[in-house]
Amino acid sequence: MKSPKRPAIFMDRDGTLSHEVGYVNHASRFRLYPWAVDAVRHVNRAGWLAVVATNQAGVARGYYPELVVNEVTACLNEAMKAGGAHLDAVYVCMHHPSAGAPPYRRDCDCRKPRPGMLRRAEAELGADLPRSWVIGDRHSDLQLAWSVGARGALVKSGYGLGELTYLAPGWGRPPDLVAGNLLEAVERILGREAP
Ligand SMILES: [Mg+2]
Ligand SMILES: [Zn+2]
(Lines give C-alpha, C1' and ligand atoms only; values in the text may rest on other atoms or scores of the structure.)
(Ligands and ions follow the chains in the order given, each with its own letter.)
Protein backbone atom coordinates (compact mmCIF):
# COMPACT_ATOMS: atom_id res chain seq x y z
CA MET A 1 0.00 0.00 0.00
CA LYS A 2 1.26 3.41 -0.92
CA SER A 3 2.13 5.61 2.01
CA PRO A 4 -0.17 8.62 2.37
CA LYS A 5 2.76 10.57 3.76
CA ARG A 6 4.12 13.48 1.76
CA PRO A 7 7.49 15.19 1.93
CA ALA A 8 7.49 18.76 3.19
CA ILE A 9 9.47 21.90 2.61
CA PHE A 10 9.78 23.55 6.00
CA MET A 11 10.54 27.25 5.70
CA ASP A 12 11.93 29.62 8.24
CA ARG A 13 10.09 32.95 8.28
CA ASP A 14 12.38 35.92 9.02
CA GLY A 15 15.35 36.10 6.64
CA THR A 16 13.94 33.32 4.46
CA LEU A 17 10.35 34.17 3.47
CA SER A 18 10.59 37.78 4.62
CA HIS A 19 13.22 40.43 5.23
CA GLU A 20 15.22 39.98 8.43
CA VAL A 21 14.44 43.23 10.24
CA GLY A 22 15.10 42.18 13.83
CA TYR A 23 12.02 41.56 15.96
CA VAL A 24 8.83 42.03 13.98
CA ASN A 25 7.13 43.82 16.86
CA HIS A 26 4.40 45.30 14.67
CA ALA A 27 2.80 43.72 11.62
CA SER A 28 3.75 46.78 9.55
CA ARG A 29 7.41 45.72 9.83
CA PHE A 30 6.74 42.43 8.06
CA ARG A 31 7.92 42.48 4.43
CA LEU A 32 7.84 39.39 2.27
CA TYR A 33 10.65 38.85 -0.20
CA PRO A 34 9.42 39.29 -3.77
CA TRP A 35 10.12 35.62 -4.55
CA ALA A 36 8.33 34.16 -1.52
CA VAL A 37 4.94 33.53 -3.12
CA ASP A 38 6.48 31.97 -6.23
CA ALA A 39 8.56 29.66 -4.06
CA VAL A 40 5.54 28.41 -2.13
CA ARG A 41 3.50 27.97 -5.33
CA HIS A 42 6.27 25.72 -6.67
CA VAL A 43 6.07 23.62 -3.52
CA ASN A 44 2.27 23.38 -3.81
CA ARG A 45 2.39 22.33 -7.45
CA ALA A 46 4.95 19.63 -6.75
CA GLY A 47 2.51 18.09 -4.28
CA TRP A 48 4.80 18.68 -1.32
CA LEU A 49 3.64 20.18 1.96
CA ALA A 50 4.58 23.84 2.49
CA VAL A 51 5.08 24.56 6.18
CA VAL A 52 6.48 27.56 8.01
CA ALA A 53 8.40 26.96 11.25
CA THR A 54 9.47 30.09 13.08
CA ASN A 55 10.82 30.99 16.52
CA GLN A 56 9.23 34.15 17.92
CA ALA A 57 10.73 34.32 21.39
CA GLY A 58 10.04 38.06 21.39
CA VAL A 59 6.64 37.07 22.77
CA ALA A 60 8.20 35.31 25.76
CA ARG A 61 10.58 38.24 26.21
CA GLY A 62 7.64 40.62 26.34
CA TYR A 63 8.72 42.61 23.28
CA TYR A 64 5.37 42.18 21.52
CA PRO A 65 2.13 40.28 22.15
CA GLU A 66 1.01 37.06 20.52
CA LEU A 67 -1.51 39.20 18.62
CA VAL A 68 1.32 40.53 16.44
CA VAL A 69 2.43 37.01 15.52
CA ASN A 70 -1.14 36.15 14.55
CA GLU A 71 -1.48 39.32 12.46
CA VAL A 72 1.74 38.53 10.62
CA THR A 73 0.54 34.98 9.96
CA ALA A 74 -2.70 36.42 8.57
CA CYS A 75 -0.69 38.78 6.29
CA LEU A 76 1.42 35.88 5.13
CA ASN A 77 -1.58 33.68 4.34
CA GLU A 78 -3.32 36.55 2.57
CA ALA A 79 -0.30 37.24 0.36
CA MET A 80 -0.06 33.56 -0.54
CA LYS A 81 -3.75 33.38 -1.40
CA ALA A 82 -3.51 36.49 -3.58
CA GLY A 83 -0.69 34.82 -5.51
CA GLY A 84 -2.38 31.45 -5.94
CA ALA A 85 -0.26 29.72 -3.31
CA HIS A 86 -0.98 28.32 0.13
CA LEU A 87 0.80 27.26 3.28
CA ASP A 88 -0.31 23.95 4.76
CA ALA A 89 0.60 25.20 8.23
CA VAL A 90 2.38 28.03 10.00
CA TYR A 91 3.94 26.82 13.25
CA VAL A 92 5.30 29.34 15.72
CA CYS A 93 7.31 28.78 18.90
CA MET A 94 6.74 31.77 21.18
CA HIS A 95 8.61 30.27 24.12
CA HIS A 96 11.92 30.99 25.77
CA PRO A 97 13.50 28.70 28.36
CA SER A 98 14.52 31.47 30.77
CA ALA A 99 13.08 34.86 29.72
CA GLY A 100 9.72 36.35 30.60
CA ALA A 101 6.87 34.72 32.44
CA PRO A 102 4.76 31.58 32.01
CA PRO A 103 3.09 30.34 29.89
CA TYR A 104 5.68 31.59 27.38
CA ARG A 105 8.67 30.97 29.64
CA ARG A 106 8.99 27.27 29.12
CA ASP A 107 11.67 24.77 28.22
CA CYS A 108 9.56 23.63 25.29
CA ASP A 109 10.29 21.04 22.63
CA CYS A 110 9.33 23.35 19.75
CA ARG A 111 12.03 26.06 19.94
CA LYS A 112 14.29 25.49 16.94
CA PRO A 113 16.58 23.56 16.68
CA ARG A 114 14.42 21.26 18.78
CA PRO A 115 12.16 19.23 16.49
CA GLY A 116 8.70 19.86 18.02
CA MET A 117 7.28 21.78 15.07
CA LEU A 118 8.48 19.13 12.61
CA ARG A 119 7.04 16.34 14.73
CA ARG A 120 3.77 18.25 14.81
CA ALA A 121 3.72 18.39 11.00
CA GLU A 122 4.38 14.68 10.93
CA ALA A 123 1.42 14.02 13.24
CA GLU A 124 -1.03 16.61 11.89
CA LEU A 125 -0.20 16.73 8.19
CA GLY A 126 1.46 13.39 7.51
CA ALA A 127 4.82 14.96 6.71
CA ASP A 128 7.41 12.39 5.69
CA LEU A 129 10.31 13.82 7.63
CA PRO A 130 13.20 11.78 6.19
CA ARG A 131 12.18 12.93 2.69
CA SER A 132 11.68 16.54 3.80
CA TRP A 133 13.89 19.62 3.74
CA VAL A 134 14.24 22.63 6.02
CA ILE A 135 15.21 25.90 4.34
CA GLY A 136 16.50 28.72 6.51
CA ASP A 137 19.12 31.40 7.03
CA ARG A 138 20.59 30.12 10.32
CA HIS A 139 22.60 27.14 11.45
CA SER A 140 19.76 26.29 13.83
CA ASP A 141 17.51 25.69 10.81
CA LEU A 142 19.99 23.11 9.53
CA GLN A 143 20.32 21.51 12.96
CA LEU A 144 16.55 21.30 13.07
CA ALA A 145 16.53 19.37 9.80
CA TRP A 146 19.29 17.01 10.85
CA SER A 147 17.67 16.27 14.20
CA VAL A 148 14.89 14.37 12.42
CA GLY A 149 16.88 12.93 9.53
CA ALA A 150 15.71 15.58 7.05
CA ARG A 151 18.05 17.69 4.92
CA GLY A 152 18.89 21.33 5.46
CA ALA A 153 19.32 24.12 2.90
CA LEU A 154 20.94 27.42 3.82
CA VAL A 155 19.82 30.56 1.98
CA LYS A 156 22.11 33.58 1.66
CA SER A 157 19.29 36.01 2.44
CA GLY A 158 18.83 37.31 5.99
CA TYR A 159 21.67 36.10 8.24
CA GLY A 160 22.61 33.42 5.70
CA LEU A 161 25.53 35.06 3.92
CA GLY A 162 27.18 36.00 7.19
CA GLU A 163 26.64 32.56 8.70
CA LEU A 164 28.02 30.95 5.55
CA THR A 165 31.05 33.23 5.34
CA TYR A 166 32.13 33.42 8.96
CA LEU A 167 30.57 30.49 10.80
CA ALA A 168 30.05 27.62 8.37
CA PRO A 169 33.76 26.66 8.29
CA GLY A 170 33.37 25.68 11.96
CA TRP A 171 30.25 23.60 11.53
CA GLY A 172 30.76 19.87 11.81
CA ARG A 173 28.51 19.26 8.85
CA PRO A 174 28.05 21.56 5.86
CA PRO A 175 24.58 22.51 4.59
CA ASP A 176 23.10 19.92 2.23
CA LEU A 177 22.44 22.76 -0.19
CA VAL A 178 23.34 26.46 -0.34
CA ALA A 179 21.14 28.77 -2.41
CA GLY A 180 20.88 32.49 -3.01
CA ASN A 181 17.32 32.62 -1.79
CA LEU A 182 14.23 30.56 -1.02
CA LEU A 183 13.03 30.32 -4.62
CA GLU A 184 16.37 29.02 -5.84
CA ALA A 185 16.50 26.54 -2.96
CA VAL A 186 13.00 25.24 -3.73
CA GLU A 187 13.71 24.92 -7.46
CA ARG A 188 16.91 22.99 -6.84
CA ILE A 189 15.38 20.70 -4.22
CA LEU A 190 12.32 19.87 -6.33
CA GLY A 191 14.49 19.45 -9.44
CA ARG A 192 16.81 17.10 -7.61
CA GLU A 193 14.02 15.06 -6.06
CA ALA A 194 11.90 14.79 -9.22
CA PRO A 195 11.15 11.19 -10.21
MG1 LIG B 1 15.65 33.31 10.02
ZN1 LIG C 1 8.25 26.41 21.90
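Note that ligands are numbered from 1 as they come in the structure, with each ligand's atoms numbered from 1 the same way. Residues take their numbers from the sequence shown, with the count starting at 1.
- Note on Asp12: its N/O/S atom closest to the Mg ion (ligand 1) is OD2.
- Side chain of Asn77 to backbone of Ala74: no donor-acceptor contact under 3.5 angstrom is found.
- By the 4.5 Å heavy-atom criterion applied to side chains, Arg151 and Leu177 are not counted as neighbours.
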- Are Asp38 and Arg41 close enough, and set up right, to give a salt bridge (charged side-chain N to carboxylate O under 4.0 Å, His left out), and what steps lead you there? CA-CA 5 Å; Asp38 288 344; Arg41 201 187 314 103; 3.0 Å; yes
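- In this structure, His96 has its ring center no closer than 6.0 Å to that of Tyr104.
- The Zn ion (ligand 2) lies closest to atom ND1 when only the N/O/S atoms of His95 are considered.
- The Mg ion (ligand 1) lies closest to atom OD1 when only the N/O/S atoms of Asp137 are considered.
- Taking the Mg ion (ligand 1) as reference, Asp14 places its N/O/S atom O nearest.
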